[in-house]
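First up is the structure itself, then whatever we jot down about it.
Computed from a predicted structure; not experimentally measured. Convention: sequence-line order gives letters A, B, ...; per-chain numbering from 1.
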Amino acid sequence: MIFRSKNRFCPPSAAKTTILLCVVFFFALFAGDVAAQRRFSKNYPAGQNVRLQLINHTGTVTVIGWNRAEINITADLEAPAALIVPQNLSGTIVINLLRDNQGKEVGSVNFTIRVPYTSMVDIETRIGNLSVSNIRSGLVRARISTEGDITLTNIEASAVSAENTIGDILFDGVIQDGGSYRFSSMSGNINIRIPFNSSFRVVATAPSTRNISFGSCANQNMNYLGDGRRIVGKCGEGSATMSATNQRGTIKFISR
Amino acid sequence: MNCEECKYLLGAFMDSELGEVQAAGVRVHLAFCLACAHVCEDLTSILDVCRSGSPAEIVPPNSQALWCRINNIIESEAKPPAPVPAEEPRGRFWRMSFLQFAAAVLVIAVISSVVTVFAVRKYTQPPADDFTARSAANQTTFEKLLGRVGLIETPAQARLRQAKEREATIEYWNARVQARRIQWNRTTREAFDRNLRVIEESVNDYTAILQKDPEDDLSGEMLDSVLNDKVNLLRDFADL
């Protein structure tokens, strides 16, 4: 009886054990995810002329202008989690992950930063995408040492610089009188979307593809140099200056 | 009476030329003032010698020679008079020969032309533009001439020199990157290698073009640009 009884309860016990193991495994997996992904968040009061300076190692950086006098920094950190130590240096918010994690292996850090829309933005990363939108200030600079796309949308800045090695660059904004605009890529596509009545002097160079399209900005003031590898010209009065260089890709101007 | 007045009147007093009142005053002062009394004694002794001795005893022997020596000493110690500058004849500067005048005009014309050319060129070109780094098309005839003679670098020579300098920089940063890359994770290593490969492809392309056509300034400029990118990439990753 006793043996029979034992044999009769054996299958339900195995099922329980299996379920228990599944639950433990699930929680262990969940706990591992929690340990691998951390979140950083911090707010700073800011004036209208604040400057954001960020140097990231790997990951996506998204900067969005908003109509508030504060800076909101959030970051998702992958393991091994990087140390983030923002500094407020007399009106400049500095985040330098390379300096703060010197000699350490760190995982990707994906930033989302909201700044007053009049802020100056200077962001840089070694690997990853950069995106800046809704900024109306004196400076927008985005630089990727290696690969990643740069997307600058709804920008009204007097100095804009975007530079990467492999990846696309999109600028969608307004050319300001007397402004300076520089776009440089080694391999990818540079797309510049600006109002058709923009006024600027331009030097566009695409030596490998010779694929430079001015669209509606094209006029008789454009000079083709070096067998079409470079176009030098003027749109409107030409009070701003623009330089676009793409070593192995295309350059395209699109009317807004 | 004070000492000043006494000394002033002492000569007349000795010669008995003072009135009674002034002579009495001098006497009273001499009675009380020891210094004035000594002066009076000295004068009295001098007058006594003069009155008693013969002139031959007073005058030194060969007085003429003595005066000559005194005179010579005075002359030698006296400063020589400042030489009076000779008055330059007026209008000498303008008295040039025709050849001298023509040469001066020519020198002025050449200097002003060179200054004007440099000023205009500096105004019309970006300030940071080194003329050796400019393209051959942008060089002036004068610069081309100097380059042919060998007085200045041609753009091709300047490019070659800059490339050699940059090679040294690249070697330095590359050594640092090689020392550090063992600590990078796989993603970083792959991304770095992929991007360096793209840059090196461009370097090779432009080098090949320039070997065929050394005067291709645009390729020279692009080669310069991609080498800069290479240095920047190495520098960025040297500290990771």
Side-chain angles (χ1 to χ4, degrees), chain A residues 55-59 78-80 82 96-99 101-108 124-128 143-148 163-167 182 184-188 201 203-210 223-232 241 243-249, chain B residues 126 128-129 135-138 173 176-177 179-210 212-213 215-240:
Chain A
I55 303 178
N56 194 13
H57 183 291
T58 310
E78 291 178 9
N96 189 339
L97 259 70
L98 300 184
R99 184 195 58 202
N101 298 276
Q102 184 78 41
K104 284 198 300 184
E105 188 189 343
V106 293
S108 294
E124 186 175 334
T125 187
R126 296 290 171 261
I127 307 164
R143 178 172 178 267
I144 304 169
S145 301
T146 56
E147 55 200 36
E163 186 186 347
N164 64 5
T165 304
I166 301 174
R182 184 171 172 272
S184 171
S185 180
M186 189 69 66
S187 175
R201 280 174 288 150
V203 178
T205 314
S208 292
T209 63
R210 301 174 195 213
N223 296 313
Y224 288 72
L225 306 175
D227 298 329
R229 290 176 292 171
R230 168 176 282 175
I231 297 177
V232 179
T241 56
S243 158
T245 306
N246 201 342
Q247 300 287 354
R248 304 171 83 82
Chain B
D129 200 5
S135 66
N138 289 344
W173 287 112
R176 288 188 61 168
V177 164
R180 298 284 301 178
R181 68 175 284 142
I182 199 161
Q183 297 174 17
W184 301 346
N185 59 27
R186 199 167 61 100
T187 312
T188 306
R189 265 201 303 272
E190 286 175 359
F192 174 80
D193 290 342
R194 204 164 31 241
N195 284 269
L196 192 64
R197 208 160 37 239
V198 169
I199 290 174
E200 279 175 351
E201 279 173 14
S202 291
V203 171
N204 293 337
D205 288 352
Y206 293 128
T207 307
I209 292 170
L210 286 168
K212 284 181 194 167
D213 181 10
E215 297 295 317
D216 186 354
D217 298 320
L218 187 58
S219 293
E221 186 189 321
M222 289 297 113
L223 177 62
D224 196 48
S225 172
V226 291
L227 285 173
N228 267 338
D229 289 341
K230 187 174 180 179
V231 171
N232 288 338
L233 179 70
L234 291 167
R235 191 160 45 203
D236 284 349
F237 278 74
D239 291 330
L240 287 185

Of all of [options], which one pairs up most often with chain B through heavy atoms under 4.5 Å apart?
options: His57(A), Glu147(A), Glu163(A); answer: Glu147(A)
options: Leu98(A), Thr245(A), Val106(A), Ile127(A); answer: Ile127(A)
options: Glu124(A), Arg143(A), Lys104(A); answer: Arg143(A)

(request) For side-chain hydrogen bond (donor to acceptor under 3.5 Å, both in side chains), just list the numbers for Arg248(A) and Ser202(B), CA-CA rounded to whole Å, side-chain angles, deciding distance to a tenth of an Å, and then say yes or no. (result) CA-CA 8 Å; Arg248(A) 304 171 83 82; Ser202(B) 291; 3.1 Å; yes
Side chain, backbone, both or neither: which part of [X] has a non-hydrogen atom closer than 4.5 Å to chain A?
X: Asp205(B); result: side chain
X: Asp236(B); result: both
X: Arg194(B); result: both

(request) Output yes when Glu221(B) and Arg229(A) qualify as a salt bridge under the 4.0 Å nitrogen-oxygen rule, no when they do not. (result)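 Looking at Glu221(B) and Arg229(A), the cut-off is not met.
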Contact part of [X] toward chain B, heavy-atom cut-off under 4.5 Å: side chain, backbone, both or neither?
X: Arg99(A); value: neither
X: Glu105(A); value: side chain
X: Ser108(A); value: neither

Inter-residue atom distance [X].[atom1] - [Y].[atom2], 0.5 Å rounding:
X: Asp229(B); Y: Thr165(A); atom1: CG; atom2: OG1; answer: 6.5 Å
X: Thr146(A); Y: Asp193(B); atom1: OG1; atom2: CG; answer: 11.0 Å
X: Asp217(B); Y: Leu225(A); atom1: CG; atom2: CG; answer: 11.0 Å

(request) Please confirm whether the backbone N or O of Asp239(B) pairs with a side-chain atom of Gln102(A), one donor and one acceptor, at under 3.5 Å? (result)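 At least one qualifying donor-acceptor pair exists.
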(message) For a quick test of reading the model, state the closest non-hydrogen atom pair linking Gln183(B) to Gly103(A) and the distance between them.
(response)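 Smallest heavy-atom distance, with atoms named: OE1-O, 4.5 Å.
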(request) Answer whether the closest heavy-atom distance between the side chains of Glu201(B) and Met186(A) falls below 4.5 Å. (result)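 In short, these two side chains do not touch, never coming nearer than 4.5 Å.
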